[in-house]
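Reviewing the structure listed below.
Keep in mind that what you see is a predicted model, and the values were worked out from it rather than measured. Residue numbers begin at 1 in each chain, while the letters A, B, ... track the order of the sequences.
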Protein chains: 2
Amino acid sequence: MVSHGSIESQIQATGHRLFDAIGRNRPSFFQGSRITAPLLDACLADPEFKRQLLQFVDVYPTLDDKQELYQHLTEYFPNGNGSSHQPALLDLAIKTAGRFGSFGKGVASFAVEQSIKTFSRQFILAATPQQALPKIKRLNSQGYGTILDLLGEAAVSESETAAYQKLYLESLDTLANDIPQNATNFESAPTIQISVKPTSLYSSASPLSFDHTVKNIVEKLLPICQRAKELGALVAIDMESRQYKNLTIEIFKRLRSSSQLADWPHLCLVLQAYLKETSDDVDTLLVWAKDQGQTLNIRLVKGAYWEFECAYASQHNWPIPVWQKKQDTDFHFERLTQKLLQNHEHVYYACASHNIRSIAATMEWARHYETPPDRYEFQALYGMAEPIRASLLEQTSRIRLYCPVGDVIPGMAYLVRRLLENTSNDSFLRQRFADQQSSQSLLSPPRSPVPATPPKRSTDFQNSPLPDFTKPQVRDQLPQAIAHLRACLNSAPETPLLIGSEQIRTSDTFDSLNPNAPNERIATVSIAQEEHIAKAIQAAKKASGSWAKLSFAQRTDLLKSAAAKMSERLWELSALQVLETGKQWSEALGDVAEAIDFLNYYAQQALRFDTPSDCGKTLGESNQLHYRPRGIATVIAPWNFPLAISCGMTAAALVTGNPVLYKPSSQSARIGYEFVRLMLEAGFPPGALNYLPGSGQIVGNALANHPEISTIAFTGSRAVGMRLIQSAANPPPDAREIKRVICEMGGKNAILIDSDADLDEAIPAILYSAFGYQGQKCSACSRLIVLESIYSHFVKRFKSAVAKIRVGPAEDPRNDLGAVIDASAQRKILEYIEIGKDEASLLYQSEAPEYGYFVPLTVFEKAHPNHRLAQEEIFGPVLSIVKAPDFETAIKYANDTPYALTGGLFSRSPQHIALAREKFDVGNLYINRGITGAMVERHPFGGHKFSGLGTKAGGPDYLLQFLNTKSISENTIRHGFVG
Amino acid sequence: MVSHGSIESQIQATGHRLFDAIGRNRPSFFQGSRITAPLLDACLADPEFKRQLLQFVDVYPTLDDKQELYQHLTEYFPNGNGSSHQPALLDLAIKTAGRFGSFGKGVASFAVEQSIKTFSRQFILAATPQQALPKIKRLNSQGYGTILDLLGEAAVSESETAAYQKLYLESLDTLANDIPQNATNFESAPTIQISVKPTSLYSSASPLSFDHTVKNIVEKLLPICQRAKELGALVAIDMESRQYKNLTIEIFKRLRSSSQLADWPHLCLVLQAYLKETSDDVDTLLVWAKDQGQTLNIRLVKGAYWEFECAYASQHNWPIPVWQKKQDTDFHFERLTQKLLQNHEHVYYACASHNIRSIAATMEWARHYETPPDRYEFQALYGMAEPIRASLLEQTSRIRLYCPVGDVIPGMAYLVRRLLENTSNDSFLRQRFADQQSSQSLLSPPRSPVPATPPKRSTDFQNSPLPDFTKPQVRDQLPQAIAHLRACLNSAPETPLLIGSEQIRTSDTFDSLNPNAPNERIATVSIAQEEHIAKAIQAAKKASGSWAKLSFAQRTDLLKSAAAKMSERLWELSALQVLETGKQWSEALGDVAEAIDFLNYYAQQALRFDTPSDCGKTLGESNQLHYRPRGIATVIAPWNFPLAISCGMTAAALVTGNPVLYKPSSQSARIGYEFVRLMLEAGFPPGALNYLPGSGQIVGNALANHPEISTIAFTGSRAVGMRLIQSAANPPPDAREIKRVICEMGGKNAILIDSDADLDEAIPAILYSAFGYQGQKCSACSRLIVLESIYSHFVKRFKSAVAKIRVGPAEDPRNDLGAVIDASAQRKILEYIEIGKDEASLLYQSEAPEYGYFVPLTVFEKAHPNHRLAQEEIFGPVLSIVKAPDFETAIKYANDTPYALTGGLFSRSPQHIALAREKFDVGNLYINRGITGAMVERHPFGGHKFSGLGTKAGGPDYLLQFLNTKSISENTIRHGFVG
């Protein structure tokens, strides 16, 4: 290692020199106009105002008339009610608009539009490359290099990605036509540079279908690179959020290795210093480059999605992938810089930071490693940190500006990021130019990382993390597990009953098949008869005594041990779901993870019943509420969440001390069998959980009607649920009690699209909510209610987006939509599609393979809210779009079915969001996100009306249903002695 | 006023002189034997051991074989598991018994018996007056006066009170025959003195039937006093707990005023300095004495039921009637002493305290007021404080010992009080002789009272206090209210429907009658028709919007204001219950108080739903659980708790935002009407609560089946409840949802009598549980399951106890049992009595008046647990006794009905109590107390099996049933900005 001490003092000296050069100059953003400066001040002073402003800026582009704009202004910035930091001008605009009717609204609208324009002009060069040319030329003439960044919306369809490809190609041509190769004095770097976003080139990008994604993006990028090569230009592949990072690196390598781009060094890869993984990535890339004899062109940035990465990981229960503290990122930025500069023979390095300390360190490490000036450069963002860029130009003459070009709408996300960057507490620019921190403190060396914030307490419930498919070794697991399982099932498909400690094979059996390949038998399942139910009741009663007597804490331990076993067998259990129920990879894994969550969550929840709760203290009397097991429970489970729902209902019954007679769905009988075996292996006593497959008509009814059953937990169709409720209401003469029925039934769930919805977010969320697992979820979206004002725009974008959905066997991760569960479901869905064709207008229909229980993905529009299509549960990939004249009517349509399960809303109007919270009558309301995939604890799940009876699964009140409450009052006075 | 300073210094001087005289002598109790001393030490050191020991001492007399004794020993003093202070000898005894079988148990049993004997010999002279004579004579010959106290069990029947009267008379004769008049040197006080307990002379003593109680006790006491007068003896009327205090004072006055006892000064009244009221009582008595020209003979004690008085008041939600701190009592003891000594012309005063400070003060105040020596004396308890009594004898020669005589069994309560007194932290004896506090500190003057412990926080729920009938003005309220109400009803019986803001009179009506006098019409009630139900639904829907929109806090305020109104109208509403439903006074008041409690409790509980609860925090996502009103609720109420249950169900529905269609029982329709009027007056909006009387068949069914109804809250019979459940399970085609049914139905409740039960406690509790309000409570006891070993003893005592129950109109507080609700109930109960006569053996049957819907109180014994008598709900004053061979079987019998509502256990075996807690399958288990009268919050009420479906009324989970849970998840990320 080098002596850091001497380098450090040189860095400090250089840093001070740079600061001196900057002098009292401030970036234009911080001097600002009369309009932006007060906004910025307010953001700096008041985080709540900043939140409101950012959200308003986010929604602004969709507000296309002055009434809407005024409406949103008043919702985001309630007059008098808002922050004390709210700029007076804003208050004035709102007041004017409120007072002077249409004219006033026009004035306010104009004022806001001007402000936003001023704001965007700060950071965005122009709307098109053509329009940006004069500015680029001027910058070039001042000595700045430039790189063109084409702002864009998320590409939600392949027609949109095709448009982006075209735009990139045209931009290269536009620039090449007008800008001379020698416009800048950078010897080694092309004058013409553009930045491309990989996800803008493929709308189904996913780490899960890694190779498929890479292939699709490389296919689209290759012509762009070839054109750049021809033009002597550079193409930088932007780095987006971490989930696409490994894909992006792979795309970079594939392109660099392609014969068409041989020896073309001008493909730049962006890396983010805030990612903990980047250190390893740099090492791997260096090895690769040396091996391949390639040079790397790397732009190192700090990273602009810090908050998002934290939230995304937190929502997936993954470790936070970014450094928690800004100075940790700065520390790593310097380390990475050092390594890249040291390897200058293999790397062309671009230092993209506004932080003087980072810049000074780059200069000094370059000097130290004798990195030739033509092997590195500096970069800054257009519209930010002007004094720094000027000073750098003076000092190094190798500074390139990142130049965004595009409309305000697609540019809004970029604006939000810049506003965040300028106002974050940790921002160098804020610290220097707003908070006026001293040079000394800003130049102090970043300390080496300290441990991150402590994790959740170990007693808290934690959701089970889903596998991170960005990791190659993770991607291999499921195909291996499927292959192994297939071999096992093939040789031993027999699936006996499990009663007490016996395995019982019956002569009467049925076969469970792979829906995507019905000639593949998954299991041959014994069918329970009357006698087996009697036997199971006996076994349960026998187990009951010892089982109910255990403390909640003891039963809790068994649940936790089952959860641990399930985690160990994650891949095997998921593979079984892929084969038996035709689940896509992530669906299968999600189901197993949810099952684990139910075990852990109910284990944690049950503990509160371990100690009776005191009620109403008074002297001489001890009063407590005890919670006692109800008695034997029947669990009748569906096939669509074959492990999670089975496990949730069963775990709840067991942990509260009730033995269980479990009937799996016949379509997922083998999963049910593996589940029961796992529970028994985890230590549940024989008889506490019995496995009794068979038909609902016979086994289900017999279980439900048995006089010894206390509780029926059911998830399934409305028709069967109502039958169970009726049978509980008519107990047999020898019944020991009125059975309690815990029932989750169907849904006819709607997503509302408000006129200001963010369609970049809405469309992918709708596609997944409606067609994930072929729409075979009670939570699935089957109605879209779209406000008239956005209807045609939405339908157009949606139609092209839906076309990208690939139909094919679930086993192949490239396919989005697989077969439905069985022939009868297939028949029923096809019938509904015929009904739909009569009632409404077909917007889109996919192909469907002949072999396997496939149905075409089908979207209807112009559906009437009273149509059968919009009233009845179809349970397949069929979606109907209904147009609503206004928001209140949209909610009315949404509520106007017999169901109340899930519902969604995409809106950026605080008032509409509040209205939906109040009036959208569903069990689970999701705002600005998809409506499936409820997480245990975070989204307690269940509905009312004809969707269900019980309290919410995975929520705090669920276990109460499996318990009787016993109030015990003891007089503790004895002959005047109050004990 | 006198100069306190000089008196104080004299008190100190006298106190020190007394201490000097005592020297190093300790009371025998604190020197003790090898057996009692370690027990006492353990009690002093460890409150938990003391509790166990006191409870063991309490149960000991009932343990009549060595196995039972051994069993209880191990239960109370678990070996190795007990206190570290547990005396080694006790451990040894238990170990010996455990190891050496029957012989070992014999040894242990003998050891314990000897210990208890030693212990009781300390405080009890002998088992009978005859046997006590030698000890009395010896004490007299030493110069001590004596007063004989005959220990006794509670008198639970008139045969037992007759026996006590006989015992008192015989004791006087025994003493007079053997002890010369001049055995002591007290000139003015009779040598022969006995102490009597007023409640031992009348087994139905109650402040509620004040005059009746006084009359009965005076009748029994008069012959005793006459005999004493003839013999020149003194009779002291002991003061028991505060509830009998005013009765006792009145008895004293009546006797003193009776012509037969004219000019007989030797009737002594005991007053307790710890009662706050005693100050006023002394003043009143002095005025009375002066007016009447009578002299008073007063013994002033500190009071021995301090803990009990605190507990009793706390359980009745009354202010604590005793001084909270011991020194406050001491302070008042001195003030009262001063006053009584000052009035020596009208008072003969006995100072009964072991506290040297109190004694010294008495001596000095007597000196100060020049109270003649023959106008006051000192008293001490036999077996306690021997050094003090000796010193007093020396100093004053007027010291009388209170001499308990009796068996160990009845004496146990006395022993417990003495053990408490010797071991209490505040006890003078403990402080001096165990803790060895200095004379200085023990003689310091008690400071004047400081305010008591702060009351409950005002936000906490508080049960509504019942009227305190010891107060004469309270006793007048109800008769006045009844008279007034009767006049009003007579002139305006019309009772219209209340729908929205309309009062509607229909042509079709029914009359509600007074069950005790069926020719008295209470109301003429309009009957709701189909059209009125439709109208009410419209009114409810109209109210619904505004009502549901109110915050929980706002609705809560309305509930509280209704509660306040109800408290104001307590007497009127109670009077109506007496007349319309034939409730006894306390039953009627209890019902109104419970209604008030429901209002206040649900108001308090609802607040927690005002703020949605966060679930599972994660970044970028806001997750909350909201609780929303379900929709219109039907409330169908019973007549037996006509206000409380109506109000509970209605308040729960209303506070959670659901409008209510309320159908009262026809038998209590007027009460229902007054209830709804009161709620509307309190501010509930028109339409939020509608009054729709009519038959269950027509109005009830129509309400239950209506498609717009979301929730049915019902309390009533099993048959009707099941019909409602069935109708909810079969919703009409246009129903908006599956109705939720909240159902409280019948019970067939048992009380278990263990072989070690405290029958003094059990018998009154059973009588009230079985026959309170004619047994017309779903919680009422209708089965007694009695362990074989105690069966005949129990049945004998119980039979004589039940005979005291007076049958007659409820309006008259002397009557315990009134008419049942109507002719149909009367018929049904009489039929069951006939069935009972076939199935079992009639133990007791009362008379029943011809006029009014009376049935005879009936007790069967030798009932078989499978008899219809022991299986079906009778809902009348019919009780069946079942014999059980052992405790486990008793629990089996108890559980062996279709119901699981309330249950009771009288036992003093910790193991049996634990077993019942575990296995006695009821909703409400009551241990060592009655099984009716559940208090809101303290005893959340409700059952399972065929007793009910819902969670517990008056408990923390009740409101959940009227709510839908809405889980709302909002994605707060916008374009990478995590809001």
Side-chain angles (χ1 to χ4, degrees), chain A residues 51 54-55 58 305 307-308 310-311 314-315 412-413 416-417 420 615-616 618-621 623 625 725-726 729-730 736-738 917 922-929 935 937-941 944-946 949 951-952 955 957 960 964-971 973-979, chain B residues 51 54-55 58 305 307-308 310-311 314-315 412-413 416-417 420 615-616 618-621 623 625 725-726 729-730 736-738 917 922-929 935 937-941 944-946 949 951-952 955 957 960 964-971 973-979:
Chain A
R51 202 177 68 81
L54 283 170
Q55 293 200 345
D58 176 69
Y305 304 85
E307 284 194 310
F308 173 82
C310 291
S314 148
Q315 289 177 20
M412 228 13 103
V416 166
R417 282 206 296 281
L420 268 178
C615 38
T618 193
L619 293 171
E621 193 178 90
N623 295 316
L625 274 184
I725 291 169
Q726 283 149 15
N730 293 280
R736 60 185 299 270
E737 63 197 305
I738 317 171
R917 282 175 172 269
V922 290
N924 285 66
L925 178 62
Y926 297 99
I927 298 165
N928 290 325
R929 47 156 288 171
M935 302 279 288
E937 190 192 42
R938 267 153 61 184
H939 316 122
F941 185 80
H944 48 275
K945 283 165 78 179
F946 285 98
L949 269 186
T951 48
K952 301 224 164 337
D957 301 323
L960 278 176
N964 284 329
T965 321
K966 189 170 180 179
S967 165
I968 302 186
S969 177
E970 182 169 356
N971 170 22
I973 304 178
R974 296 204 184 167
H975 282 130
F977 167 59
V978 179
Chain B
R51 202 178 69 82
L54 283 170
Q55 294 200 344
D58 176 70
Y305 305 85
E307 283 194 311
F308 173 81
C310 291
S314 146
Q315 288 177 19
M412 226 14 106
V416 166
R417 282 205 297 281
L420 268 177
C615 39
T618 191
L619 292 172
E621 194 178 89
N623 296 316
L625 272 185
I725 291 169
Q726 282 150 17
N730 294 280
R736 59 186 299 271
E737 63 197 304
I738 316 172
R917 282 176 172 269
V922 291
N924 286 67
L925 178 63
Y926 297 99
I927 298 165
N928 290 324
R929 47 156 288 171
M935 302 280 286
E937 189 191 43
R938 266 153 63 185
H939 316 123
F941 185 80
H944 47 275
K945 284 165 77 179
F946 284 98
L949 269 186
T951 48
K952 302 230 167 326
D957 301 323
L960 278 177
N964 285 328
T965 321
K966 188 171 179 177
S967 165
I968 302 186
S969 177
E970 181 169 355
N971 169 22
I973 305 178
R974 297 202 184 168
H975 282 130
F977 166 59
V978 179

Pairing residues for A:Leu619 by the side-chain contact (heavy atoms from CB on, under 4.5 Å) criterion, not counting sequence neighbours: B:Cys310, B:Ala311, B:Ser314
Part of A:Leu949 within contact of chain B (heavy atom distance under 4.5 Å): both
Side-chain heavy atoms of B:Arg974 within contact of A:Leu54, under 4.5 Å: no
Pairing of B:Arg929 and A:Glu970 as salt bridge, 4.0 angstrom limit: no
Straight-line distance of B:Arg736 CZ to A:Lys945 NZ, nearest 0.5 Å: 6.0 Å
Residue, of B:Phe308, B:Phe946, B:Phe941, that accumulates the most heavy atom pairs under 4.5 Å with chain A: B:Phe946
Smallest separation among heavy atoms of A:Lys966 and B:Val922, with atom names: CG-O, 3.4 Å
Beyond-backbone contact of B:Ile927 with A:Asn971, side-chain heavy atoms, under 4.5 angstrom: no
Euclidean distance, A:Lys952 NZ relative to B:Cys615 SG, rounded to 0.5 Å: 10.5 Å
Validation row: B:Arg938, A:Ser969 side chains within 4.5 angstrom (heavy atoms): no
A:His939 and B:Ile968, any side-chain heavy atoms less than 4.5 Å apart: no
Atom pair CG (A:Asp58) and CD1 (B:Ile973), whose distance is rounded to the nearest 0.5 Å: 12.0 Å
Euclidean distance, B:Glu737 CD relative to A:His944 NE2, rounded to 0.5 Å: 7.0 Å
Per-residue contact mode, A:Tyr305 against chain B (heavy atom under 4.5 angstrom): neither
A:Ile738 CD1 to B:Ile725 CD1 distance, which is reported to the nearest 0.5 Å: 4.0 Å
